[in-house]
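Please read the structure below before turning to the comments.
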Amino acid sequence: MNIQDYQGIYLITDTQMQDRYSHVALADAAYRAGVKMVQYRAKDTPDPKALKQIRAITELESKREHLLIVNDRSDLAKAGGADGVHLGQDDLPLSAARKVLGAEAVIGGTASNLEEARQVSNTDADYVALGHIFETSTKQKDYEPRGLDTLRQVRAEISGPLVAIGGITLQNAPEVIDAGADILAVSSVICTADDPQFAARTLAALFE
Amino acid sequence: MMNKPDFRYYLITSRKACAPRPLTEVVQKACEAGVQAVQLREKDLSGKALCELAHQIREVTTRFGVRLFINGRPDVAKVIAADGVHCPEEGFPPSAVRQYWSQFSIGVSVHSLEAAKKAEKEGADFLLFGPVFFTPSKEEYGKPQGTDRLKKICESTSIPVFAVGGVTPAKVSECLQAGAYGVAGISALMEADDVSGKVEAFHSQFD
């Protein structure tokens, strides 16, 4: 799948706020529901276990040509056979991750304001993830939600794929799309849903 | 299998133990005094900070022709062109390093015979076994393993074993008698007032 053309949902798997579903089960549910991009995020998981889980996701029948991105760790992404890595501001520099993963990999970076979005966009990042847009309980944040105005400002300057992240729900998703996001990154709204696959399908349908 | 390590004594870093002196300064002193390999082990650093520090340590070690291993992060090792990766017992699997980054020499920490055999099978070039003696920094891992267990590990594997944990210059010969290929040290060097003198004291044990 070419991320340049993707408009849809980007699931970030989480097994800390819920433990009914594994990373693999969540990824499978999302891919089956038409979510073509999944990020494996398991901060405190020992590397051998993380590697097994990443490999298990890449082997899913539902994964096929869809994307699997690993949070933070390019080494796990490479050895796990994932498609790329997502880098926060404190992670490996983008150019370094590119060196590890090569030109074909999908590498995205987090930005929390216009300036950081410009910086990420000026590297050879495949997408810029701006957040958090709304209040979120998934990640502890030390700054205020950025809101849709920041999203619009960033959109006005950045032509490549723009991911909006943080506090996105089925209710507010349409206005986030209207504000110019190509891709909506979500976690709790799918991971903690009674039926993750149904929640994923409902969100994916917003782009149809 | 790769050639045996071209070092017998190596330094494992701890920037907290050498504070307030900057780590690069202490590593440089150790390199000047003749240390042959360094393992950068700063587990609490973010990827960004680790990468920056690793670049600095690479610059120093290259200048002195000293081997550099990065603990647990083959991606960082690749980016800064390290000589190898060191895998903690429950860390990044040596087999995956071997498969995807075959240029690296691979050290693996082990704390049991079972883990030692597994690491050898998974492609380790050498093992780091400990803690052999008492050391405050490893107290949380339980009692020292002792030289008898070190001997057992050395006899049961065919790759070089380095002894770690409370190894002082005076204890080097005991480790070598038990079959160790060499020794590694953290606190002995990181906390030393006279880094050069300490490195020389270790080195004289291998003459």
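Here the structure is a predicted model, which is why all the values come from computation and not from measurement. Numbers restart at 1 for each chain; the letters A, B, ... are given by sequence-line order, proteins then strands.
- The number of heavy atoms from other shown groups lying within 6.0 Å of NZ (Lys171(B)) is above 12.
- In terms of modelled atom types and a separation under 3.5 Å, the side chain of Arg98(B) and the main chain of Pro93(B) share no donor-acceptor contact.
- Heavy-atom pairs under 4.5 Å with chain B peak, among Leu76(A), Leu87(A), Leu101(A), at Leu76(A).
- Contacts of Leu92(A) with chain B are made by both backbone and side-chain atoms, with heavy-atom separations under 4.5 Å.
- Between Phe202(B) and Tyr9(B), the ring-plane angle classifies as parallel under the 30° and 60° cut-offs.
- For Pro93(A), the part lying under 4.5 angstrom from a heavy atom of chain B is the side chain only.
- Contact count against chain A (heavy-atom pairs under 4.5 Å) is highest for Arg73(B) among Glu90(B), Gln99(B), Arg73(B).
- Your options are Lys78(A), Gln89(A), Lys99(A), and the one with the most heavy-atom pairs under 4.5 Å with chain B is Lys78(A).
- Using cut-offs of 30° and 60° for the angle between ring planes, the Phe162(B) and Tyr181(B) rings count as perpendicular.
- In this structure, chain B has a heavy atom under 4.5 Å from the side chain of Arg55(A), while its backbone stays farther away.
- Atom CD of Glu144(A) has 12 or fewer neighbouring heavy atoms from other residues, nucleotides or ligands inside a 6.0 Å radius.
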